[in-house]
Structures are given as structure tokens and as C-alpha cells.
Amino acid sequence: MQTSWIPFIPESASTVSGKVDALYFYLSGVTVFFTLLISGVLIFFVIKYRRRTAFEIPRPIAGSHKLETLWSVIPFIIAMSMFAWGAQVYFENSRPPKNANEVYVVGKQWMWKIQHSTGQREINELHVPVGRKIKLIMTSEDTIHDFFIPAFRIKADVLPGKYTTEWFEATKPGTYHLFCAEYCGVNHSGMIGSVIVMQPADFDNWLSGNASQQSPAVAGQQLFQSLGCVSCHGANGEGGRGPGLVGLFGSKVFLTNNQTLTADEAYIRESIENPSAKIVSGFSPIMPTFQGQVTPEQLIQIMSYIKSLQATGTPATAAPASKAEATPAAATVTPQLNRK
Ligand code: CUA
């Protein structure tokens with residue numbers, strides 16, 4: 001594990017880490033400057049204006065509009081610069097780019113379970129290629145955890161029953177610390193791991209070396225059959241008792257209460273666990289709840305299957321890194337093609 005040339009500062013190894021550091025040094029610089037200025041002036045005045053004779057009465061001070069304005073306007077400008085710069089870095093850091101590779105993360109006491117969109121699973125390790133955008137979609141099986149990679153300057157809570165995301169693009173190959181940064185029970189301090197950043201070619205090798213595992217979308221499709229979802233939500237609109245799911249993810253949904261929303265991870269999760277919360281216009285609230293019947297990991301698989309149902313009518317191919325893998329539909333229809 002590397003550290004930076006500045007003591008106590010972790011290595012800077014992602015596209016945003018330099019920007020976070022610059023902001024941090026600006027804030028620290030302003031703080032140090034004013035601390036020194038104010039304490040210096042304070043000490044100077046204490047000495048210069050000390051009482052020299054007993055019963056000495058100071059000269060009365062009338063006040064100065066010029067000074068008052070100056071020491072209001074300058075701090076205002078400095079504070080606004082912090083706000084604007086901070087907001088800019090925050091938005092860049094918190095909005096995952098659209099073309100990112102997705103990786104699923106499930107936290108549980110006390111380990112990180114990670115699955116790539118091509119099916120590879122890892123525990124307490126995350127292998128990623130250098131120079132590619134990676135989006136983590138994270139949830140928890142039990143309590144609140146927090147996925148923290150100091151070298152990338154990213155950190156986000158991982159909550160039960162909810163999906164949070166963070167993203168990064170690693171800039172240097174190497175091995176970096178991964179921490180849980182939310183106290184989550186006795187072995188919280190042991191909930192650690194490594195992020196291994198590899199050259200894209202090495203990463204593709206690593207990926208194909210572990211390619212025998214089923215992708216989440218394929219597992220989700222099987223769950224979709226075995227849980228009976230397919231009898232109401234036929235992928236091509238058959239069934240008819242529930243809304244069709246092809247092209248659903250990311251699209252606009254019209255509800256019976258005249259609301260409109262975008263079908264995202266939170267909406268799909270809610271529709272599985274609490275189906276009557278939001279009813280799609282034209283349908284009746286007949287779907288039973290699946291709360292407690294699907295684990296957080298299975299929920300991710302079903303979600304991943306629904307995401308893979310693109311408007312073309314066939315499930316989309318998996319991420320580009322998985323040349324070895326067939327499309328989820330093809331993999332189920334013709335499993336023999338997938339065997340090695
Ligand atoms: Cu998980 Cu602390």
C-alpha cells in the first residue's frame with residue numbers, strides 16, 4: 001500500500017482525488033492563514049496597547065464603516081469561493097457517469113461481497129482496470145456500513161433496503177486500502193479489504209480466468225422464472241396482469257395517482273418489496289409482496305436482469321469486458337454454449 005509524499009495523506013490514485021486534495025489544501029490554507037494572522041495581530045496588540053500607568057483610560061473609538069465593510073465583504077467572498085468549489089467537486093464525485101462499468105457491492109457483518117456485471121464474485125477484494133470508469137451499486141444485508149477507498153477519495157454509506165452509488169476512475173495500477181467507515185458491530189475494524197487496480201489487459205485476463213460464474217443478469221432471469229414473476233410480467237408483454245419490463249429501466253413511468261417518475265433502482269426495489277406503494281397507471285394492485293422472500297443479493301440479480309431488458313426486445317449483452325460470455329437470454333436458452 002502506497003502513501004503520498006505528504007505524511008498521513010493517502011496515495012492519490014483516481015481522477016477526482018487530486019481535485020479533492022486541492023480543495024482540502026485550499027480550505028486548510030485559508031484556515032492556517034487566518035489563524036496565524038489573527039493570533040499574530042492579537043499578540044501584537046496585547047503588547048502594544050498594554051496598560052502602562054495605573055488608572056490609564058484609553059482613547060474612545062468611534063468605529064469605521066470602511067473597516068466594517070472590508071471585513072464583511074472579504075470573508076463573504078472567501079466563504080462563497082469555498083461553497084462554489086466544494087459544490088463543483090461534490091457534484092462531480094456524486095454523479096456517476098452514464099458509461100461506467102457497474103459493480104455490485106453487498107455489505108454484511110463483517111465482509112464485502114462484490115460481484116462484477118459479468119458474474120465474477122469477490123470477497124473483500126475489488127479488481128478493476130486502470131483508466132475505466134467504475135460505478136459501484138451498493139446495499140447492505142444487515143446494518144449500516146460505509147464503503148471507503150481513501151486513495152480514490154470516495155466514501156458512501158451502504159444501507160439496508162436501499163441502493164447507494166459511488167464511482168471512480170483509477171489512474172495508477174496498484175493495491176489500495178478498502179475500509180468500512182461506519183461502526184457496524186464488534187468486528188467493524190476487521191471489515192477491510194483491497195482494491196487491486198490492474199492494466200486493462202491484465203484485468204481482462206483476470207476476468208476471463210474467473211469466467212465460469214453466472215452473471216447476475218442470468219441468475220436474475222432464473223429467479224424471475226422460479227418466483228413466478230414471469231406469469232404476470234412477461235418480458236415481451238405476455239402475461240398482461242403486470243406492466244411489461246422491456247426497456248423499463250431508466251424510462252418514465254406513469255402512476256395511478258397521476259405522478260410520473262423515472263424507473264431507477266430504488267423504484268424497482270420498492271415495487272418488488274412493497275408493490276402497492278406505486279401502481280402503474282392502467283394496472284390494479286394485485287401483486288403480492290416479495291419482502292423477505294428475496295435476499296439483497298437476489299434483489300440485485302433481478303434488478304440486473306430487468307436492466308438488461310432493453311427496448312430491442314432481447315436482453316442486452318453484458319459489459320464489454322466479457323467477450324467470453326453470451327447474452328443473458330442466449331445463456332439461458334442455450335446453456336451448453338456457455339460451458340467451458
Ligand atoms: Cu461494516 Cu463497519
Side-chain angles (χ1 to χ4, degrees), residues 1-4 8-14 16-17 20-21 24 89-90 93-96 100-117 119-128 133-170 174-198 210 213 216 219-220 264-266 268-270 272-273 291-304:
M1 312 272 173
Q2 301 101 320
T3 48
S4 150
F8 308 116
I9 299 244
E11 177 86 338
S12 166
S14 78
V16 294
S17 58
V20 173
D21 286 357
Y24 173 76
V89 173
Y90 172 81
N93 219 344
S94 60
R95 287 181 180 155
N101 287 2
E102 295 186 345
V103 175
Y104 294 97
V105 175
V106 177
K108 67 170 277 193
Q109 289 169 323
W110 285 274
M111 64 169 84
W112 294 109
K113 297 193 281 184
I114 289 165
Q115 188 169 26
H116 295 258
S117 55
Q120 286 74 7
R121 287 173 185 280
E122 310 188 62
I123 287 183
N124 294 340
E125 276 192 351
L126 169 61
H127 287 77
V128 290
K133 296 178 176 67
I134 309 289
K135 174 183 173 186
L136 306 176
I137 301 168
M138 311 182 295
T139 189
S140 166
E141 266 183 42
D142 35 47
T143 176
I144 302 177
H145 303 278
D146 190 298
F147 200 87
F148 179 31
I149 309 172
F152 300 166
R153 310 291 190 270
I154 57 164
K155 186 164 173 254
D157 273 5
V158 177
L159 307 163
K162 205 174 172 229
Y163 293 94
T164 50
T165 56
E166 57 188 0
W167 79 276
F168 62 85
E169 180 181 333
T175 303
Y176 305 98
H177 283 296
L178 157 63
F179 294 118
C180 176
E182 180 72 51
Y183 182 69
C184 55
V186 197
N187 291 331
H188 156 70
S189 63
M191 197 167 163
I192 55 175
S194 306
V195 179
I196 297 123
V197 178
M198 309 165 97
N210 291 277
Q213 285 152 343
D264 58 4
E265 280 108 354
I268 290 172
R269 193 201 119 252
E270 185 183 52
I272 292 169
E273 295 196 325
Q291 186 138 36
Q293 294 185 48
V294 285
T295 65
E297 268 184 300
Q298 289 175 326
L299 206 55
I300 279 174
Q301 291 164 347
I302 295 171
M303 185 107 55
S304 170

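Heavy atoms only: backbone and side chains are in, while hydrogens, waters and symmetry mates are out. All ligand and atom numbering here is 1-based and tracks the order in the structure.
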Any Lys/Arg nitrogen of Glu265 or Arg269 sitting under 4.0 Å from an Asp/Glu carboxylate oxygen of the other?
-> no
Answer yes or no for Met191: is there an N/O/S atom below the 2.8 Å cut-off from atom 1 (Cu) of ligand 1?
-> yes
Looking at Glu122, Glu141, Glu125, which hits salt bridge (charged side-chain N to carboxylate O under 4.0 Å, His left out) with Lys113?
-> Glu141
Flag yes if more than 12 heavy atoms outside Lys135 fall under 6.0 Å of its NZ atom; otherwise flag no.
-> yes
To the nearest 10 degrees, calculate the angle at atom 2 (Cu) of ligand 1 involving SG of Cys180 and O of Glu182.
-> 100°
Identity of the N, O or S atom of His145 lying closest to atom 1 (Cu) of ligand 1 | ND1
Name whichever N, O or S atom of His188 ends up nearest to atom 2 (Cu) of ligand 1.
-> ND1
Is the Trp112 ring parallel, tilted or perpendicular to the His145 ring (thresholds 30°, 60°)?
-> perpendicular
Quick one: do Glu11 and Ser17 satisfy side chain to side chain contact (heavy atoms under 4.5 Å, CB included)? Show the steps, please.
-> CA-CA 9 Å; Glu11 177 86 338; Ser17 58; over 6 Å; no
Would Asp146 count as a contact for atom 2 (Cu) of ligand 1, in the sense that one of its N, O or S atoms lies under 2.8 Å from it?
-> no
